[in-house]
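Step one of this worksheet: look at the structure below.
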Protein chains: 2
Amino acid sequence: MAREKKIDMVILGLLFHEDLTGYDIKKRIDGAISFFWKGSFGNIYPSLKDMQTRKLIQSSDTSVGGREKITYHITEEGKEALKEWLNEDLAINELRYETLLKLFFSGAGSRKTALHNIENFEKQIKTDLELLKVYCKNLENNMKNEDHLYYYLTVTFGIDSYEAYLKWCTKAKKMLRLEAR
Amino acid sequence: MAREKKIDMVILGLLFHEDLTGYDIKKRIDGAISFFWKGSFGNIYPSLKDMQTRKLIQSSDTSVGGREKITYHITEEGKEALKEWLNEDLAINELRYETLLKLFFSGAGSRKTALHNIENFEKQIKTDLELLKVYCKNLENNMKNEDHLYYYLTVTFGIDSYEAYLKWCTKAKKMLRLEAR
DNA sequence: CCTAAATATATCAAAATGATATATCTGTGT
DNA sequence: ACACAGATATATCATTTTGATATATTTAGG
């Protein structure tokens, strides 16, 4: 059996709630989802075409004037495929943190470089954490349906782990400054 | 300027300390590094050939009997390239957590499925956390050089964040069980 | 002495990434 | 009325990564 293309599931998950264009899908992925998954035009558009031939989604032309616009709709087969994936036990969870990679190899550099890289990371995380907290507050005032609960849980995952990262940053910086070479 | 191939930096980082074969490199990457970065034969071997033509590394044939074996050694240019990368401010840090993706789309499934996916995640994390703690204990008894300090910091990053994940799992499971549909 | 596991290199299809090309529509300031 | 920046929208491409497989040799255990 061919390996499952994850972008397909992201798209099906989004189309489960509403009809969207490829461009809309990209915007949704760039929102809260981007904290734990990415997508690009380079895989969204091919996936849309492919899933249409596999009858998991249907397209309808909703062009306005000269502006081309193709809106996609999930089929029953598409909903089935999504549910099957949700029920599979396998889930691949991966970190790809270049900051940690650089830190690991900092023996080839200096304490100063290592500290600098951690400070950059800290800055990145603080910015993202602020954003997540805004999402969280908005959700708390508007937890009206099941989907909001799942959304809320992913946001709190982000907040909790980012807060742990920041605590680690403080510890790590202290160690790098104290333990004289 | 061509985009930087990250696998090159991983290999240079490893070769900075010792000469290695492609197979050795794969084994190193599959160790502690695998918690924050991955590598496969499919990009290790091509990278080795490419970096050799770019004079960042040198190869020497160390075959034993009929067994082919090519050992690589970092050059001064290679060391320079590694240091340059360490000194670049840019670092791409990405999470790719299929568990969170499934949780986010659990509206298409059920509370039961969502809970099941979190329990699977919890199991995965607990196993990995145990391993990280072993690494940590070994390091604490053997913190003799600068490299061990950097290694130790990446390991504590893993431990701290995984512990935060587990706390989140407990909270999330409670919410999913309490908040009746 | 057999065999399973580890060592070792290499390649390939499939998927993801990141950038770019092309064209249209919308809102803002002048 | 007009220019023009920015948002909307689809599409493609080279590069990189992933995951699997092919091939062959050596080592360790029963």
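Below, read A as the first sequence line, B as the second, and so on, with proteins coming before strands; counting in each chain starts at 1.
For the pair Glu98(A) and Lys6(B), the salt-bridge criterion is met [side-chain N within less than 4.0 Å of a carboxylate O].
Distances shorter than 4.0 Å separate none of the side-chain N or O atoms of Tyr45(B) from OP1 or OP2 on dA10(C). Put simply, Thr21(B) has a side-chain N or O that comes within less than 4.0 Å of OP1 or OP2 on dT9(C). Between Arg67(B) and dT23(D) there is no side-chain polar atom (N or O) within less than 4.0 angstrom of OP1 or OP2. Taking only side-chain nitrogens and oxygens, Arg96(B) never comes nearer than 4.0 Å to OP1 or OP2 of dT17(D). For dT10(D), neither phosphate oxygen OP1 nor OP2 lies less than 4.0 angstrom from any side-chain nitrogen or oxygen of Tyr23(A).
Counting to the nearest Å, the C1' atom of dT17(C) and the CD1 atom of Ile7(A) are 11 Å from each other. Distance Lys69(B) NZ to dT23(D) P: 24 Å, rounded to the nearest Å. If you take CD of Glu68(B) and P of dT26(D), they are 12 Å apart, rounded to a whole angstrom. Distance Ile29(B) CD1 to dT17(D) P: 11 Å, rounded to the nearest Å. Between the CD1 atom of Ile44(B) and the P atom of dA20(D) there is a distance of 15 Å, given to the nearest Å. Spacing between atom CZ of Phe41(A) and atom P of dT22(C) amounts to 17 Å, rounded to whole angstrom units. At whole-Å resolution of the value, OH in Tyr72(A) and P in dA11(D) are 6 Å apart. Look at CE on Met9(A): it is 11 Å from P on dA15(C), rounded to the nearest Å.
Ranking dA9(D), dA20(D), dT17(D) by closeness to the Asn43(B) side chain, first place goes to dT17(D). When each of dT12(D), dG19(D), dT11(C) is scored by its nearest atom to the side-chain atoms of Ser40(B), the top-ranked nucleotide is dG19(D). With dA8(C), dA16(C), dA10(C) as the candidates, the nucleotide lying closest to the side chain of Asp24(B) is dA8(C). Closest to the Lys5(B) side chain, of the nucleotides dG18(C), dA11(D), dT17(D), is dT17(D). You'll find that the side chain of Lys27(B) is closest to dT7(C), out of dA9(D), dT7(C), dT9(C). Comparing atom distances between the Ile92(A) side chain and each of dT9(C), dA11(D), dG19(D) picks out dG19(D) as nearest.
The aromatic rings of Phe157(A) and Tyr165(B) lie tilted to each other, with the angle between the two planes from 30° to 60°.
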Worksheet item: For Lys38(B) and Asp30(B), what are the C-alpha separation, side-chain angles and deciding distance, and is it a salt bridge (Lys or Arg N to Asp or Glu O under 4.0 Å)?
Response: CA-CA 7 Å; Lys38(B) 298 276 190 301; Asp30(B) 287 345; over 6 Å; no
Practice prompt. Please step through salt bridge (Lys or Arg N to Asp or Glu O under 4.0 Å) for the pair Glu163(A) and Lys133(A), ending with a clear verdict.
Written response: CA-CA 11 Å; Glu163(A) 281 175 346; Lys133(A) 281 184 173 169; 3.6 Å; yes
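Residue contacts shown for Lys6(A) are limited to sugar-phosphate atoms, with no base heavy atom under 4.0 Å away.
Not one N or O on the side chain of Asn120(A) forms a donor-acceptor pair closer than 3.5 Å with the backbone of Asn117(A).
Comparing Gly42(A) and Pro46(B), the nucleotide of DNA chain C nearest to each residue sits closer to the 5' end for Pro46(B).
Heavy-atom contacts from other residues, nucleotides or ligands closer than 6.0 Å to NZ of Lys137(A) number 12 or fewer.
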